[in-house]
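As structure tokens, the structure follows; a few thoughts come after it.
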Amino acid sequence: MKSISLTLILTLIFSFTFAQCLTKKYKGRADSLFNLQITKSDFKSGKVFLTLDTTNMSDLSVASTYIETDNPNKIIQNFTRFIKSLKIEGSYYNYYELINSPFYESPLNISYVFNTINASYLVRIWTYKSDTSKIEGITVGKYSEKQTVTPW
């Protein structure tokens, strides 16, 4: 039991030490996504994806909408339509940049949370392995309970 606990602790320390970036270097990308100002040129060429988990992302038995396509415009249209259907309160918060995390295949994973009147949503931007300036995919997950803003 001690070795499992030690392994878990070391894994968490490693992931936060090497993966957590506190610079907010890529915040502009989160801003453009939140403000629905993304374009086809923001995406890598080839297959890109969008996952919308709009029921409860902690319930793995509930299906989510998954789109994989060679046409980023389809991703942009579906993401924009979904975001516009929500009544977003304020801006986003809990912004994180994970760089070379052992838990994610993307070399750069940008995430943030935003609230609506009844719920909170986690948005993740997955960058392309060969070029972190390009988006490979976007995931949106709904929390089972509304989250609160935590201080930076």
Side-chain angles (χ1 to χ4, degrees), residues 11-12 14-60 62-152:
T11 301
L12 289 172
F14 174 79
S15 67
F16 286 114
T17 303
F18 295 101
Q20 183 65 44
C21 177
L22 301 176
T23 63
K24 296 188 177 187
K25 181 177 177 181
Y26 303 97
K27 192 171 179 296
R29 190 163 311 149
D31 291 341
S32 67
L33 190 70
F34 182 78
N35 294 316
L36 304 177
Q37 297 172 338
I38 55 173
T39 65
K40 185 176 181 176
S41 66
D42 292 322
F43 289 83
K44 76 173 194 78
S45 61
K47 294 274 186 219
V48 291
F49 68 89
L50 172 68
T51 304
L52 296 175
D53 189 350
T54 60
T55 306
N56 177 358
M57 69 180 172
S58 63
D59 185 352
L60 299 178
V62 177
S64 59
T65 301
Y66 178 75
I67 301 166
E68 186 173 12
T69 180
D70 288 330
N71 182 1
N73 287 331
K74 187 172 181 181
I75 301 296
I76 294 167
Q77 290 168 354
N78 281 280
F79 178 78
T80 301
R81 185 180 322 118
F82 172 71
I83 295 299
K84 285 182 175 181
S85 73
L86 302 173
K87 303 281 190 242
I88 296 176
E89 292 181 338
S91 190
Y92 64 86
Y93 60 96
N94 287 4
Y95 172 86
Y96 287 99
E97 296 171 1
L98 295 176
I99 298 174
N100 295 324
S101 170
F103 301 110
Y104 301 107
E105 289 186 31
S106 177
L108 171 62
N109 178 276
I110 303 166
S111 65
Y112 61 83
V113 177
F114 68 85
N115 287 339
T116 65
I117 202 160
N118 297 319
S120 296
Y121 292 85
L122 172 67
V123 175
R124 284 201 171 122
I125 305 167
W126 304 87
T127 61
Y128 184 49
K129 294 169 189 66
S130 300
D131 182 359
T132 57
S133 70
K134 298 294 181 183
I135 298 171
E136 184 169 5
I138 302 168
T139 57
V140 180
K142 182 178 180 182
Y143 283 103
S144 58
E145 297 178 6
K146 192 167 180 179
Q147 307 294 299
T148 57
V149 179
T150 56
W152 171 246

Using side-chain contact (heavy atoms from CB on, under 4.5 Å), reason through F49 and T139 one step at a time and then give a plain yes or no. CA-CA 8 Å; F49 68 89; T139 57; 3.9 Å; yes

Taking the side chain as every heavy atom from C-beta outward, state whether [X] and [Y] have any atom pair closer than 4.5 Å.
{"X": "L33", "Y": "I125", "result": "yes"}
{"X": "F114", "Y": "L122", "result": "no"}
{"X": "R124", "Y": "Y96", "result": "no"}
{"X": "I67", "Y": "N78", "result": "yes"}
{"X": "L52", "Y": "Y66", "result": "no"}
{"X": "V123", "Y": "I138", "result": "yes"}
{"X": "Y121", "Y": "Y112", "result": "no"}
{"X": "W126", "Y": "L108", "result": "no"}

With sequence neighbours left out, what residues match N35 under side-chain hydrogen bond (donor to acceptor under 3.5 Å, both in side chains)?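 By the side-chain hydrogen bond (donor to acceptor under 3.5 Å, both in side chains) rule, N35 matches no residue at all.
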
Measure the [atom1]-[atom2] distance between [X] and [Y] for me, rounded to the nearest 0.5 Å.
{"X": "K40", "Y": "N73", "atom1": "NZ", "atom2": "CG", "result": "5.5 Å"}
{"X": "K24", "Y": "Y95", "atom1": "NZ", "atom2": "OH", "result": "8.0 Å"}
{"X": "Q37", "Y": "T80", "atom1": "CD", "atom2": "OG1", "result": "10.5 Å"}
{"X": "S32", "Y": "Y26", "atom1": "OG", "atom2": "OH", "result": "14.0 Å"}

Looking at every heavy atom in both [X] and [Y], which two are closest together, and how far apart are they?
{"X": "Y92", "Y": "A30", "value": "OH-CB, 3.7 Å"}
{"X": "T132", "Y": "P107", "value": "CG2-CG, 3.6 Å"}
{"X": "P72", "Y": "V48", "value": "CA-CG2, 4.1 Å"}
{"X": "E136", "Y": "K129", "value": "OE1-NZ, 3.9 Å"}
{"X": "I135", "Y": "R29", "value": "CG1-CD, 4.1 Å"}

Within the 3.5 Å criterion, strictly below it, is a donor on D131 or S133 matched to an acceptor on the partner's side chain?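 Per modelled atom types, D131 and S133 side chains form a pair under 3.5 Å.
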
Applying side-chain contact (heavy atoms from CB on, under 4.5 Å) to N109 and T127, what does each step give before you reach the verdict? CA-CA 6 Å; N109 178 276; T127 61; over 6 Å; no

Could you check whether any side-chain N or O of [X] sits under 3.5 Å from a backbone N or O of [Y], counting only pairs where one atom can act as donor and the other as acceptor?
{"X": "K134", "Y": "S41", "result": "yes"}
{"X": "K146", "Y": "T116", "result": "yes"}
{"X": "S120", "Y": "Q147", "result": "yes"}
{"X": "S85", "Y": "F82", "result": "yes"}
{"X": "D42", "Y": "T39", "result": "yes"}
{"X": "K44", "Y": "K47", "result": "yes"}

Next on the checklist: Surrounding CD of E145 (heavy atoms of other residues, nucleotides or ligands, distance under 6.0 Å), is the total greater than 12?
Outcome noted: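 Not buried by this count: 12 neighbours or fewer within 6.0 Å.
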
request  = Before accepting this row, confirm whether a basic side-chain N of the pair K74/E68 lies closer than 4.0 Å to the acidic partner's carboxylate O.
outcome  =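 No, no charged N to carboxylate O under 4.0 Å.
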
task = Walk me through it: do N115 and Y93 pass the test side-chain hydrogen bond (donor to acceptor under 3.5 Å, both in side chains)?
result = CA-CA 9 Å; N115 287 339; Y93 60 96; 2.7 Å; yes

